[in-house]
Amino acid sequence: MANNIEVKELLDAGVHFGHLTRRWDPNMAPYIYMERNGIHIINLYKTAAKIEESSEALKKIAASGRKILFVATKKQAKEIVAEKASKANQPYITERWPGGMLTNFVTIRKAVKKMAAIDRMKKDGTFNTLSKKERLQVDRLRAKLEKNLGSISDMTRLPGALFVVDITREHIAVKEAQKLNIPIFAMVDTNSDPRQVDYLIPANDDASKSIDKVMTYVSDAIIEGLSERKASKDAPKKDDTESKAETKTKAKAPAKAEKAEVKVEEPVVSEAAKQEEE
């Protein structure tokens, strides 16, 4: 993936712009190319290589059937992450990170079930039997739950990985994933410590163009992994159909042969009988 064309695309998207030199984290030194006008410039060749590495790992996780939870609560990343994650059919958190989202997953699941219960009430007519005040309270609760947990309503178990935009801002999510040994993928800027994540992508995590470019590569890799999983699921079905057809053909063949043998034996027996009579 690390070729000139893609590096140029990263350059055009402003992925190379880091933070002010005085706000840098020394552990990001291997990924910094130079300093210009008091700003660190990220080495895009290393960024491209890390995008490839992360994409391959995410593709395998998606192919295995596990979910990847995207986390991005900063204003310029919210809509982009929500769009790309939805496209790849993955859960995401773009509002405030609910404390204990991973470490206290059972409680979060209860909140999601409460949201589903409200939906059932509206379908079976129970909601209409409530007073006007109660209906208003239930609607407010449903809206609040939808805002915070709507995108993870289908996530029935802990995710197979976490993808974070800006690990400094989302430090609580990172800590929870570390505690549960969940692999962490992240866009890491020059002001963050890359040692906190398993797969880092050194990149500008403040500009929407930069976030969009990196997220496009990542979501495409996940979609590819999901399509591979679907293809591998469909393949055995075809093999089973072919094997069943072969079995039926083989089963029919001996039956025909037996019938043929009977027909051949009948005239021979009758001729011998005639000779004995004469």
Side-chain angles (χ1 to χ4, degrees), residues 50 53-74 77-78 80-119 142 144-188 192-201 205 214-215 217-230 232-233:
K50 287 294 183 181
E53 182 188 339
S54 299
S55 296
E56 281 298 316
L58 287 166
K59 189 168 119 180
K60 286 178 184 176
I61 292 169
S64 71
R66 288 173 294 169
K67 293 286 186 182
I68 296 138
L69 177 62
F70 286 83
V71 185
T73 59
K74 58 166 55 178
K78 278 184 183 184
I80 297 165
V81 170
E83 181 195 340
K84 300 295 181 185
S86 298
K87 186 182 173 185
N89 196 26
Q90 300 299 319
Y92 58 89
I93 296 288
T94 53
E95 297 300 325
R96 183 185 66 83
W97 173 264
M101 167 74 205
L102 302 176
T103 52
N104 196 12
F105 189 67
V106 176
T107 304
I108 298 296
R109 282 301 303 163
K110 283 179 183 175
V112 172
K113 285 176 182 175
K114 190 181 286 183
M115 191 165 63
I118 294 169
D119 290 340
R142 177 68 178 78
K144 186 181 177 182
L145 290 169
E146 176 66 36
K147 186 179 179 183
N148 294 324
L149 306 171
S151 65
I152 61 162
S153 56
D154 297 329
M155 199 171 77
T156 55
R157 58 175 179 165
L158 286 169
L162 204 70
F163 190 97
V164 181
V165 178
D166 193 346
I167 58 173
T168 302
R169 184 185 178 95
E170 316 299 346
H171 64 279
I172 300 172
V174 171
K175 286 282 189 295
E176 287 190 30
Q178 286 172 344
K179 192 173 284 188
L180 296 171
N181 294 320
I182 295 172
I184 304 167
F185 296 75
M187 286 179 68
V188 183
S192 302
D193 185 358
R195 296 175 300 174
Q196 295 182 50
V197 302
D198 302 287
Y199 295 87
L200 81 146
I201 298 174
D205 61 14
V214 174
M215 284 298 301
Y217 285 123
V218 168
S219 60
D220 287 348
I222 293 169
I223 291 167
E224 194 178 334
L226 291 172
S227 60
E228 280 182 12
R229 177 176 170 77
K230 189 179 177 184
S232 65
K233 273 188 174 181

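One is the number of the first residue; the rest follow in order along the sequence. Just so it is clear, the structure is predicted and the values come from calculations on it, not from any experiment.
- Considering only residues two or more places apart in sequence or on other chains, Asp220 meets the salt bridge (Lys or Arg N to Asp or Glu O under 4.0 Å) condition with none of them.
- Here CG of Asp198 is found 10.0 Å from CG of Leu162. Values are rounded to the nearest 0.5 Å.
- For the pair Val164 and Val197, the minimum side-chain heavy-atom distance is 4.5 Å or more.
- A search for salt bridge (Lys or Arg N to Asp or Glu O under 4.0 Å) contacts involving Arg157 returns nothing, not counting sequence neighbours.
- One finds the CD1 atom of Ile108 at 8.5 Å from the OG1 atom of Thr103 (value rounded to the nearest 0.5 Å).
- Atom CD1 in Ile167 sits 8.5 Å away from atom CD1 in Ile184 (nearest 0.5 Å).
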Per-pair distances, 0.1 Å, donor-acceptor, side chain in residues 80-89, under 3.5 Å, sequence neighbours excluded:
residue	atom	partner	partner atom	Å
Lys84	NZ	Thr216	OG1	3.2
Ser86	OG	Ala82	O	2.7

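- Note that the CZ atom of Arg66 and the CG atom of Leu58 stand 11.0 Å from one another [nearest 0.5 Å].
- Annotation: side-chain contact (heavy atoms from CB on, under 4.5 Å) contacts of Ala111 (sequence neighbours excluded): Leu145, Leu149.
- Residues that satisfy the side chain to side chain donor-acceptor pair (under 3.5 Å) test with Ser192, not counting sequence neighbours, are Thr168.
- Residue Gly160 comes nearest to Pro183 through the heavy atom pair O-CD, 3.3 Å, listed as atom of the first residue, atom of the second, then distance.
- Qualifying side-chain contact (heavy atoms from CB on, under 4.5 Å) partners for Glu56, counting only residues two or more places apart in sequence or in other chains: Lys59.
- The two residues Ser153 and Met115 come nearest to each other via the heavy atoms CB-CE, 3.9 Å.
- Note: Thr73 OG1 to Ile93 CD1 = 10.0 Å, rounded to the nearest 0.5 Å.
- A salt bridge links Lys74 with Asp205: the closest approach of a Lys/Arg side-chain nitrogen to an acidic carboxylate oxygen falls below 4.0 angstrom.
- Partners of Thr107 by side-chain contact (heavy atoms from CB on, under 4.5 Å), not counting sequence neighbours, listed by chain and number: Asn104.
- The line from CD of Glu176 to CD of Glu170 is 11.5 Å long, rounded to the nearest 0.5 Å.
- Sorted by first then second residue, the ring pair (Phe, Tyr, Trp, His ring centres under 6.0 Å) pairs that include residues 162-186, not counting sequence neighbours, are Phe70-Phe163, Phe185-Tyr199.
- In this structure, Gln196 has no side chain to side chain donor-acceptor pair (under 3.5 Å) partners at least two apart in sequence or on a different chain.
- Counting only residues at least two apart or on different chains, the salt bridge (charged side-chain N to carboxylate O under 4.0 Å, His left out) pairs with a member in residues 94-119 are Lys78-Glu95, Asp119-Arg142.
- When side chains are defined from C-beta on, Leu102 counts as touching Pro159, because their heavy atoms get closer than 4.5 Å.
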Between Lys50 and Leu200, does a side chain to side chain contact (heavy atoms under 4.5 Å, CB included) hold up when you go through it step by step?
-> CA-CA 7 Å; Lys50 287 294 183 181; Leu200 81 146; 4.2 Å; yes
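- Listed by chain and residue number, Ala62, Gln90, Ile222 satisfy the side-chain contact (heavy atoms from CB on, under 4.5 Å) test with Leu226 (two or more places apart in sequence, or in another chain).
- Applying the salt bridge (Lys or Arg N to Asp or Glu O under 4.0 Å) criterion to Lys147, with sequence neighbours excluded, gives no partner residue.
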